[in-house]
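In this text the structure is predicted, and so the values were computed from the model without any measurement. Letters go in sequence order (proteins before strands), and every chain restarts at 1.
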Number of protein chains: 2
Amino acid sequence: MAPSLKAAPTCAPADEKHDLRPVEGRAADEELALLTKAVGHPARVQILRLLVRRDSCICGDIVDELPLAQSTVSQHLKVLKEAGLIRGEIDGPRIGYCIEPRTLRRLKALVGGL
Amino acid sequence: MAPSLKAAPTCAPADEKHDLRPVEGRAADEELALLTKAVGHPARVQILRLLVRRDSCICGDIVDELPLAQSTVSQHLKVLKEAGLIRGEIDGPRIGYCIEPRTLRRLKALVGGL
DNA sequence: CCAGGTTATCGTAATAGGGCGATTATGGCA
DNA sequence: TGCCATAATCGCCCTATTACGATAACCTGG
């Protein structure tokens with residue numbers, strides 16, 4: 001599942017200047033609130049765990065794992081994607097999702113900074 | 001859950017059997033979702049930071065620190081209290097709030113387990 | 001190009017969340 | 001006791017979220 005790719009392989013790295021930002025202050029508060037709000041749903045926690053476990057990417061297998069309709073799962077994926085916690089790469093007819101390790105680290109840093 | 005506490009000082013300890021629970025599984029997913037949902041608002045992040053900084057307790061000083069009405073702050077405090085992240089002890093005419101260190105540690109453990 | 005499966009989006013309905021003012025307890029103090 | 005300050009609750013409005021089915025968009029293989 002790696003032949004023709006558009007931008008990058010399924011889980012490509014991106015810009016790095018992301019981890020060394022303050023974990024306090026007004027901006028950090030907003031960021032922490034956005035990230036935790038995105039995580040704040042059981043289905044999204046499950047999705048995150050799925051993507052972390054299979055560190056590689058999956059697609060609509062997520063739908064099979066969750067007791068939710070496909071459209072609902074798609075909505076949750078959108079929330080996680082907009083928060084920057086996951087990323088979706090077009091891989092042929094399907095879409096491979098993967099966690100965004102930097103944002104996850106950032107979340108851990110922000111929570112750890114509490 | 002907690003019986004009526006009267007004479008306890010502003011930040012009393014409580015039961016300990018709280019930290020060594022699994023950080024994965026269905027129950028952990030629900031717990032993580034509940035906690036992050038409670039944190040998932042800028043005002044509540046600010047409240048948490050206030051209570052962590054002044055490790056001791058404050059009361060309606062929180063209202064002065066936030067650009068929100070007293071009733072709104074009270075609602076946020078209720079959310080945090082119901083999530084177990086803070087605790088409120090009656091201290092004379094006012095109410096002293098303080099963070100619940102165990103729940104905060106639990107949150108960090110759950111996020112760290114992602 | 002068309003048929004296949006795969007995912008996103010739309011429309012809708014029910015519920016939850018956020019904010020405020022006003023009101024209601026509650027406890028201390030004169 | 002009555003009064004004041006503090007905090008919680010209530011009522012209301014508005015927006016956001018969640019969930020689903022249905023539909024549209026998308027790529028690939030034939």
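Scored by the side-chain hydrogen bond (donor to acceptor under 3.5 Å, both in side chains) test, Glu65(B) finds Arg54(B) as partners (sequence neighbours excluded). Take Arg94(A) and apply the side-chain hydrogen bond (donor to acceptor under 3.5 Å, both in side chains) test, not counting sequence neighbours, and it matches no residue.
Comparing Pro93(B) and Lys37(B) by the nucleotide of DNA chain C that holds the closest heavy atom to each, the one mapping nearer the 5' end is Lys37(B).
Going from atom NZ of Lys78(A) over to atom C1' of dT6(C) covers 18 Å, rounded to whole Å. Computed from coordinates, the Ile95(A) CD1 to dT28(D) P distance equals 12 Å when rounded to whole Å. As a whole-Å value, the separation of Asp91(B) CG from dA8(D) P is 13 Å. Spacing between atom CD1 of Ile58(B) and atom P of dA7(D) amounts to 10 Å, rounded to whole angstrom units. Rounded to an integer number of Å, the gap from CG of Leu68(B) to C1' of dA7(D) is 16 Å. Rounded to whole Å, atom C1' of dT18(D) lies 15 Å from atom CD of Gln46(A). Rounding to whole angstrom units, CD of residue Gln75(A) and P of dG21(D) are separated by 14 Å. Taking atom CD on Glu82(A) and atom P on dT18(D), their separation rounds to 12 Å, with Å as the unit.
Between the side chain of Thr72(B) and the base of dG18(C), no donor-acceptor pair of N or O atoms lies under 3.5 Å. Evaluation of atom-type donor-acceptor distances gives a pair under 3.5 Å for the side chain of Gln70(B) against the base of dA8(D).
At the phosphate of dA8(C), OP1 or OP2 sits under 4.0 Å from a side-chain N or O atom of Ser74(A). The phosphate of dC26(D) has neither OP1 nor OP2 within less than 4.0 Å of any side-chain N or O from Arg94(A). Proximity of His76(A) to the phosphate of dA19(D): a side-chain N or O atom is located under 4.0 Å from OP1 or OP2. Of the side-chain N and O atoms in His41(B), one or more sit less than 4.0 angstrom from OP1 or OP2 of dG19(C).
Heavy-atom minimum distance, Ala38(A) versus Ala83(A): CB-CB, 3.5 Å.
For Glu24(A) and Arg53(B), the salt-bridge test passes: some basic side-chain N is under 4.0 Å from an acidic carboxylate O. Of the charged side-chain nitrogens involved, none lies within less than 4.0 Å of a carboxylate oxygen, so that Lys81(B) and Glu100(B) do not count as a salt-bridged pair.
In this structure, of dA8(D), dA8(C), dC20(C), it is dC20(C) that holds the atom nearest to the side chain of Ser71(B).
Of all nucleotides present, only dA8(D) satisfies the Watson-Crick or G-U wobble test against dT23(C), with each distance under 3.5 Å. Summarising the base pairing, dG4(C) is matched to no nucleotide, lacking a Watson-Crick or G-U wobble pair whose two defining distances lie under 3.5 Å.
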